[in-house]
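Have a look at the structure below, then the notes.
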Amino acid sequence: MREAVEEVRAVYRDLEERPAERDCRARTECCRFRLTGRTPQLTGGEALVAAMGWRAAGRKSIDPAAAAPDGACPFLADSGRCGIYRDRPFGCRTHFCAAAGGMIERHRVIDLIRRLEAVDESLRGDGPKPLPQAVAEALERLPKRSGRR
Ligand code: SF4
């Protein structure tokens with residue numbers, strides 16, 4: 001599990017090193033899945049990292065069934081901030097809204113996507129799952145006293 005988490009974080013670092021002209025103003029519409037019509041799909045490693053970030057924030061669980069009317073992400077705080085910003089999934093780093101400049105083209109990050117898929121396989125995952133379900137399962141999988149790093 002540790003190697004998987006380290007590889008996912010390495011993927012996120014590598015993504016940050018690829019300049020993309022985007023201008024996110026934190027409108028948070030992309031974090032309200034009923035507005036966007038799409039729920040982020042997480043591979044197993046992404047879900048583990050997100051779950052660790054949530055745990056590090058002192059939270060123990062999420063309820064995948066407790067959806068807000070606008071389908072807000074369970075990590076979206078009332079303040080409009082992402083509760084796991086440093087550990088947010090790959091899609092949250094690449095799927096910018098149109099106002100921010102749009103999604104980063106898949107061909108520019110396909111190698112990183114493949115690495116996340118390889119991590120998923122190493123965890124015996126069965127492919128990407130919707131964010132709430134993926135993270136709820138990952139939280140169950142984490143050791144009870146899992147640290148941040
Ligand atoms: S993980 Fe964070 S950035 Fe991604 S949808 Fe949820 S609140 Fe938004």
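When a residue number appears, it is its place in the shown sequence, counting from 1. Counting starts at 1 for both ligands and their atoms, following the listed order. These numbers were taken from a predicted model, which means no experiment stands behind them.
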Compile the donor-acceptor pairs under 3.5 Å between side chains in residues 73-84 and protein atoms, sequence neighbours left out, one pair per line.
unit_1 : atom_1 : unit_2 : atom_2 : d
S79    : OG     : R81    : N      : 3.3

Rounded distance [0.5 Å steps], OG1 in T94 versus CZ in R22: 9.5 Å
Using 2.8 Å as the cut-off, count the protein N, O or S atoms closer than that to atom 4 (Fe) of ligand 1. 1
Roughly how far, to the nearest 0.5 Å, is CZ of R2 from CD of E7? 14.5 Å
Distance check, rounded to the nearest 0.5 Å: L131 atom CG versus T39 atom OG1? 8.0 Å
Which distance, rounded to the nearest 0.5 Å, do you find between the CD of E137 and the CG of L42? 11.0 Å
Under 3.5 Å, is there a donor on one side chain and an acceptor on the other for R32 and T28? yes
